[in-house]
Student: 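Take a look at this one; I'll ask things after.
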Amino acid sequence: METRNIVGIDLGTSHSSLATLDAEGVARLLSIPQLAGPHETIEDDLLPSVYIHNQEYQDLHLPWQADPPILGRWGRDLAISNPERAIVSAKSWLCYKGDLRLPLKAEWQGLSAKEVSTLLLSHLLNAWEYKCDQDRGDITTLALTVPASFDPLARQLTEEAARAAGIPDPVLIEEPLAAFYAWLAHNKDWNKQLTVGDSILVCDVGGGTCDFSLIVVSEEPDSGELRLDRIAVGRHLLLGGDNMDLALAHSLAQKYGPL
């Protein structure tokens, strides 16, 4: 019997994560190996979505790669003292002016948001291959989350980044719907909790986007079974945790002076 390898990736603005579905249909998070220092590797459920332009460190090593790019935990730590060499929140920039090169103010040319997304996805794919058995077989389905508010260009750039990372046919799932699917999976009696005419508002406040999806409950005319339909999506780009932090910092700077 063919092995079914279903993998899920949440490519987040501030953090990314990796999950897999086992033979019994149980989803589980995978810990992600990543650099924590020049010669230190850790494993964590979250991979900070941070890239650092490496100007000084040599002989870096990950279980699957020599001289890897600096991503994740160490990248996040270095970004605090080296912001001019850091690219953070690349996912947000996918939906703003297309494939813009980042950072906007730096001596080095930088990378595009798509290129950084490719590096993150490649890291996550390598982590899956490393954590799973060598006889696992090929991935049969890889689901990749995107904000519901992503426009067609941002979705296209996400798909292009996935293919460049070695994921030929990613299945894009909108993040609020993924959250709602998870709720359905954990509430097998959802059809007893909901009635015709009910509305469900799913709110996903992320690092770079605030995603709102409205789902209504109706009834199938023939069978009388409950039906779920998404009828509206919010359009709140560049309105996530990062943007709220910057707005607060700007407000405080006006009131109290430079931070």
Side-chain angles (χ1 to χ4, degrees), residues 6-21 27-30 32 44-50 71-72 76 88-96 98-99 113-114 116-125 127-128 139 141-163 165 167 169-187 190 194 199-217 228-245:
I6 300 177
V7 179
I9 291 178
D10 179 11
L11 180 63
T13 303
S14 52
H15 293 84
S16 298
S17 59
L18 177 67
T20 188
L21 201 67
R28 60 187 179 93
L29 283 176
L30 294 179
I32 304 167
D44 196 287
D45 289 345
L46 294 176
L47 176 75
S49 303
V50 179
L71 305 167
R76 183 193 64 187
V88 300
S89 305
K91 177 179 171 180
S92 290
W93 294 100
L94 285 173
C95 60
Y96 181 73
D99 201 13
K114 185 177 76 173
V116 175
S117 298
T118 296
L119 291 175
L120 291 167
L121 289 170
S122 179
H123 186 107
L124 292 165
L125 185 62
W128 177 81
I139 295 175
T141 302
L142 192 143
L144 180 59
T145 60
V146 293
S149 50
F150 255 16
D151 59 21
L153 176 58
R155 291 171 188 260
Q156 176 185 330
L157 291 173
T158 302
E159 289 183 332
E160 291 176 0
R163 292 190 178 96
I167 306 168
D169 297 302
V171 177
L172 300 187
I173 298 180
E174 294 179 1
E175 289 158 1
L177 290 184
F180 187 60
Y181 294 152
W183 182 82
L184 292 176
H186 288 88
N187 292 268
W190 66 267
L194 302 175
S199 298
I200 303 102
L201 179 63
V202 185
C203 304
D204 175 12
V205 181
T209 55
C210 284
D211 255 347
F212 303 97
S213 291
L214 185 63
I215 299 166
V216 298
V217 183
L228 302 169
D229 293 293
R230 189 195 66 186
I231 63 169
V233 172
R235 298 185 180 277
H236 298 277
L237 300 175
L238 296 179
L239 182 59
D242 283 355
N243 314 104
M244 296 175 190
D245 288 346

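Nothing here was measured: the structure is a model prediction, and the numbers come from that model.
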Student: Identify, with sequence neighbours excluded, every residue that meets side-chain contact (heavy atoms from CB on, under 4.5 Å) alongside T158.
Tutor: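 Checked T158 against side-chain contact (heavy atoms from CB on, under 4.5 Å); matches are L94, L144, V146, F150, L172.
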Student: Of the non-hydrogen atoms in G207 and T13, which two are nearest, and what is the gap between them?
Tutor: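 Distance-wise, the nearest heavy atoms are C-CG2, 3.7 Å.
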Student: With sequence neighbours excluded, what pairs up with W190 under the ring-ring contact (aromatic ring centres under 6.0 Å, His included) test?
Tutor: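 By the ring-ring contact (aromatic ring centres under 6.0 Å, His included) rule, W190 matches no residue at all.
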Student: Looking only at non-hydrogen atoms, find the nearest pair between S49 and H15 and report the distance.
Tutor: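 The pair with the smallest heavy-atom distance is OG-C, 3.5 Å.
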Student: Which heavy-atom pair separates A27 from L21 by the least distance, and what is that distance?
Tutor: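 That would be N-CD1, 3.5 Å.
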Student: Between I173 and Y181, is any pair of side-chain heavy atoms under 4.5 Å apart?
Tutor: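 Yes, their side chains come closer than 4.5 Å.
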Student: Please examine the side chains of I167 and V7, heavy atoms only from C-beta on, and report whether any two atoms are closer than 4.5 Å.
Tutor: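 The answer is no, as the side chains (C-beta and beyond) never meet within the 4.5 Å cut-off.
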Student: Over all heavy atoms of both residues, which pair between S199 and V216 is shortest? Give the atoms and the distance, please.
Tutor: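 Looking at all heavy atoms of both residues, the closest pair is OG-CG1, 3.9 Å.
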Student: The criterion is side chain to side chain donor-acceptor pair (under 3.5 Å); which residues satisfy it with S92, sequence neighbours excluded?
Tutor: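 Partners of S92 under the side chain to side chain donor-acceptor pair (under 3.5 Å) test: none.
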Student: Check this for me: R163, atom CZ, are more than 12 non-hydrogen atoms of other residues, nucleotides or ligands nearer than 6.0 Å?
Tutor: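 Yes, CZ of R163 has more than 12 neighbouring heavy atoms, counting only those of other groups under 6.0 Å.
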Student: Can you tell me how far the CE atom of M244 sits from the CG atom of L239, to the nearest 0.5 Å?
Tutor: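 If I round to the nearest 0.5 Å, the distance is 5.0 Å.
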Student: Give, for atom CD1 of I32 and atom OG of S16, the distance between the pair rounded to the nearest 0.5 Å.
Tutor: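 If I round to the nearest 0.5 Å, the distance is 7.5 Å.
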Student: Using side chain to side chain contact (heavy atoms under 4.5 Å, CB included), reason through I215 and L177 one step at a time and then give a plain yes or no.
Tutor: CA-CA 9 Å; I215 299 166; L177 290 184; 4.1 Å; yes
Student: Restricting to side chain to side chain donor-acceptor pair (under 3.5 Å), what partner residues turn up for T145, sequence neighbours left out?
Tutor: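 Expected list: D10.
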Student: So do D204 and T209 actually touch side chain to side chain, heavy atoms under 4.5 Å?
Tutor: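 No; the side chains remain at least 4.5 Å from each other.
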Student: Taking the side chain as everything from C-beta on, heavy atoms only, tell me whether L125 gets closer than 4.5 Å to I139.
Tutor: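 With C-beta onward as the side chain, the pair touches.
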Student: With rounding to the nearest 0.5 Å, note down the distance linking CG in L18 to CG in L46.
Tutor: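 Interatomic distance, L18 CG to L46 CG, rounded to 0.5 Å: 11.0 Å.
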Student: My understanding is that only residues two or more places apart in sequence, or in another chain, count here; which of them pass side-chain contact (heavy atoms from CB on, under 4.5 Å) with S213?
Tutor: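 By the side-chain contact (heavy atoms from CB on, under 4.5 Å) rule, S213 matches A148, P176, R230, V233.
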Student: Passes side chain to side chain contact (heavy atoms under 4.5 Å, CB included), L120 versus K91? Steps please.
Tutor: CA-CA 10 Å; L120 291 167; K91 177 179 171 180; over 6 Å; no
Student: Give a yes or no on whether the backbone of A113 and the side-chain of S117 come within a donor-acceptor separation of less than 3.5 Å.
Tutor: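 Yes, because the side chain of S117 sits within donor-acceptor range (under 3.5 Å) of the backbone of A113.
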Student: Got a second to check how far T141's OG1 is from I6's CD1, nearest 0.5 Å?
Tutor: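 Rounded to the nearest 0.5 Å, the OG1-CD1 separation comes to 5.0 Å.
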Student: With sequence neighbours excluded, tell me which residues meet side-chain contact (heavy atoms from CB on, under 4.5 Å) with S14.
Tutor: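 Not a single residue meets the side-chain contact (heavy atoms from CB on, under 4.5 Å) criterion with S14.
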Student: Atom CG of D169 and atom CD of E159: how far apart are they, to the nearest 0.5 Å?
Tutor: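 Those atoms lie 9.0 Å apart.
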Student: Atom CG in D44, atom OG in S17: separation rounded to 0.5 Å?
Tutor: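 Nearest 0.5 Å value for the CG-OG distance: 10.5 Å.
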Student: Can you name the salt bridge (charged side-chain N to carboxylate O under 4.0 Å, His left out) partners of D229, sequence neighbours left out?
Tutor: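 Result, salt bridge (charged side-chain N to carboxylate O under 4.0 Å, His left out) vs D229: R227.
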Student: Can you list everything that forms a side chain to side chain donor-acceptor pair (under 3.5 Å) with R155? Sequence neighbours excluded, please.
Tutor: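 R155 satisfies side chain to side chain donor-acceptor pair (under 3.5 Å) with E174 once adjacent residues are dropped.
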Student: Checking S89 now: which residues fulfil side chain to side chain donor-acceptor pair (under 3.5 Å) with it, not counting sequence neighbours?
Tutor: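 Result, side chain to side chain donor-acceptor pair (under 3.5 Å) vs S89: D242.
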Student: Within the structure provided, determine whether V217 and I200 are in side-chain contact (heavy-atom separation under 4.5 Å).
Tutor: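 Yes, at least one pair of side-chain atoms sits under 4.5 Å.
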Student: Check salt bridge (charged side-chain N to carboxylate O under 4.0 Å, His left out) between D45 and all other residues, then give those that pass, not counting sequence neighbours.
Tutor: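 D45: no salt bridge (charged side-chain N to carboxylate O under 4.0 Å, His left out) contacts found.
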Student: Does D245 have any side-chain contact (heavy atoms from CB on, under 4.5 Å) partners at least two apart in sequence or in another chain, and if so, which?
Tutor: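 Here no residue qualifies.
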